[in-house]
Structures are given as structure tokens and as C-alpha cells.
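The basis for the numbers below is simple: all heavy atoms, side chains too, and nothing from hydrogens, waters or symmetry mates. Counting convention: from 1, in listed order, for ligands and their atoms alike. For reference, positions follow the sequence shown, starting with 1.
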Amino acid sequence: MPEGQTVLSLLRKAEDKLSSVSHDLARRDAEIMLAHVLDTSLARLPIYEQRIPPLHIDQFERCVRRRQAGEPVAYIIGEQEFWSLTFKVNEHTLVPRPDTETLVEVGLRHLTPGKPTRILDLGTGSGCILLSLLHERAEASGVGVDKSSNALAIAKMNADQLGLLSRCELREGDWYEALREGEQFDLIVSNPPYIQSSDMLALMPDVREHEPHSALDGGVDGLDCYRRIASDAAFFLCRGGTIAVEVGIGQHEDVADLFVMSGLEAVSTHADLAGVMRVVAAKKAAES
Ligand SMILES: C[S@@+](CC[C@H](N)C(=O)[O-])C[C@H]1O[C@@H](n2cnc3c(N)ncnc32)[C@H](O)[C@@H]1O
């Protein structure tokens, strides 16, 4: 085996190549991709002096080239960790973001442990929000809706992998249109597209050129999907039920207003770990 084919030298070369696209995360990205190629976890990545077989070196170098071309690491390795669970992803699903864990936290507060509850996730994508909630609440069941059949195929694989298929239904459709007459939910969650159309070009190239625009573009003011979701929320919520949605930076007041205009009450806003107002929640009155 020639010199220079150890874990350490491979990582160093990759870090160098990735510095212009991954910046401070170049080393981390290289480690994640090498762990993927070696079919191991980051924590179990072999010690730096260990030599890597040529086949794996070729595979790793292909991953590095894809990353150099701007493809997100999650698409290259085909998965992303979210809520300490592993979710399959591909170019049809948004890559689950850590910010979105705030929505899971808020949602959980409204799902009483031990009580059979029904959850609706609008724009489920990879299924990360719905499936994380179902994973935490063994008595809950739910419906994930998306207009992308390709995203739903991934959500189904994730539900299967997490052993949650029996407690979730995945339906294709335009927001509430996928629901049946009379269906109501204790909790509605959504992380809809919320980027203003005019800001789409200013997104980081990784996002703009690789993630599905249908998962990102929220219309002229970024609020189109919230209008749709808020307007019919009361109809599909059980009495006393909660809706909680993720919002983009600076959108929380507008979305809170939309909930109030739709007749919902007890509107609350919740910050993510960076202190950004990230989730807006509201309730349907317990009695009418
Ligand atoms: C921002 S992504 C969120 C994906 C996933 N829930 C997450 O948090 O990672 C928004 C999702 O909404 C879906 N979507 C967009 N418009 C929709 C519509 N009219 N009806 C249903 N789903 C829609 C997109 O396909 C995409 O999967």
C-alpha cells in the first residue's frame, strides 16, 4: 500500500479540497463522508494511522468531488441525523435542519404521554417532524401530507426504518386537500416553504442549486403557505387542539396575526437555540 493512503492523509487532502465550499466544516464534512464510505459512524472512524483499501479511497474521492461541486453532504451520504434519529434523504426532500427540532419540542408539549393522540404534519418531506413525534409518543398516530410523491417515498422508507409505519399514513396532496371528511387532529405541525421568492437567488448555492425549490419558495412575501395553513386550521383541529408551525426569521408576528385572524387563540412564539423566534403555536378553543 503506498504512503499517503492513511485515514489522516486522506482527510487532510479532502479538507484542503473542500475548504472553499465547506469552509469551517471542511474537516467535519470529510470525516462524515469517510465514515459513510467505511460503513461506520463518526465515533468509530478508524484511527488516523490506519490504511484504507483502494476501493474505499475511490469511493471517498467521488464523494469529495460531489461535495466540491456544492452538493450537500446529506445527499451524498443519503441520510441526515435529526432528533437523534437517522433519516434517509435525497434531492426530493429538504435536508432536515437542527432549527426544526424546536418544532418537535413544542409539539411534544402538546401531546400528553399515555394519551392516544392524532397528529397531522403538513409538508412532511422526509417525515422528520411527524416521525420524531411518533417516536416519542408511543400512543400517537398521524398523517403526513406532501404534494411531492417522491418525498413521500422517502418518508415511507423512514417510517419503515423507524418501525413507525403502522402508526402513520402518508398522503399525497395539496395541504388539507389530502384529508378525509370529518378528520380532526389534536396537533397540526408544519414547516412549510417560507423563503420570499425574491430571496431564492440569494440562498447559499448548496441550498439553491440542490434542494427542491418547491420545499423553499413561500411566494412573494414568504407567507403564502401560512395563509393556506392558518385559514383552515380550526376546521381540522379537535377542540382544544394545537397548531405549531416553523417560521423564518422575522415572520413570527405576521404568522401570529394570521392565526388570530383565523379564529385561533392562545398564540405563543418559541425561540430556537440561537434565540431566533422559530415556532408559532396557537390553539382552537376548547368550547365554542
Ligand atoms: C420546508 S419543506 C419541510 C420538509 C420537512 N417537513 C422538514 O421539516 O424537513 C416543505 C415541504 O412542503 C411540501 N409542500 C410544498 N407545497 C405543498 C403543498 N401545497 N401541499 C403539500 N405539501 C407541500 C414540500 O414538498 C416540502 O416537502
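- A continuous path of ILVMFWY side-chain contacts below 4.5 Å connects Ile77 to Leu11, so both sit in one hydrophobic cluster.
- Atom numbering of ligand 1 starts at 1 in the shown order; those under 4.0 Å from a heavy atom of Gly173 are 20 (N), 21 (C).
- In the displayed structure, Glu169 atom CD is contacted under 6.0 Å by more than 12 heavy atoms of other residues, nucleotides or ligands.
- Taking distance alone, with nitrogen or oxygen atoms compared against 3.5 Å, Asn191 approaches ligand 1 more closely than that limit.
- For the residue pair Glu246 and Thr100, a side-chain donor N or O sits within less than 3.5 Å of a side-chain acceptor on the partner.
- Counting only heavy atoms from C-beta outward, the side chains of Leu264 and Leu237 approach each other to under 4.5 Å.
- Nearest protein heavy-atom neighbour of atom 22 (N) of ligand 1: Lys147 N, 3.2 Å.
- One side chain, Asp29 or Ser22, offers a donor N or O that lies under 3.5 Å from an acceptor on the other.
- The shortest heavy-atom distance from Cys225 to ligand 1 is not under 4.0 Å.
- At the shortest separation from atom 23 (C) of ligand 1 among protein heavy atoms lies Trp175 CH2, 3.5 Å.
- Asp217 and Ser197 are linked by a side-chain donor-acceptor pair at a separation below 3.5 angstrom, with hydrogens and angles left out of the test.
- The closest non-hydrogen atom to atom 27 (O) of ligand 1, taken over Asp146, Ile129, Leu94, comes from Asp146.
- Below 3.5 Å of separation, one finds an N or O of Thr124 facing an N or O of ligand 1.
- The backbone N or O of Trp175 sits nowhere less than 3.5 Å from a side-chain atom of Arg228 that would complete a donor-acceptor pair.
- Both the backbone and the side chain of Asp174 come within 4.0 Å of ligand 1, counting heavy atoms alone.
- One option in Gly123, Gly125, Cys128 has a heavy atom closer to atom 7 (C) of ligand 1 than any other, and that option is Cys128.
- Within ligand 1, counting atoms from 1 as listed, the ones closer than 4.0 Å to a heavy atom of Thr100 are 8 (O).
- Note: Phe82 and Phe87 have perpendicular aromatic rings, judged against thresholds of 30 and 60 degrees for the angle between ring planes.
- Scanning all protein heavy atoms for the shortest distance to atom 1 (C) of ligand 1 gives Ala215 O, 2.9 Å.
- Scanning Ala151, Ser214, Ser126 for the heavy atom closest to atom 15 (C) of ligand 1 points to Ser214.
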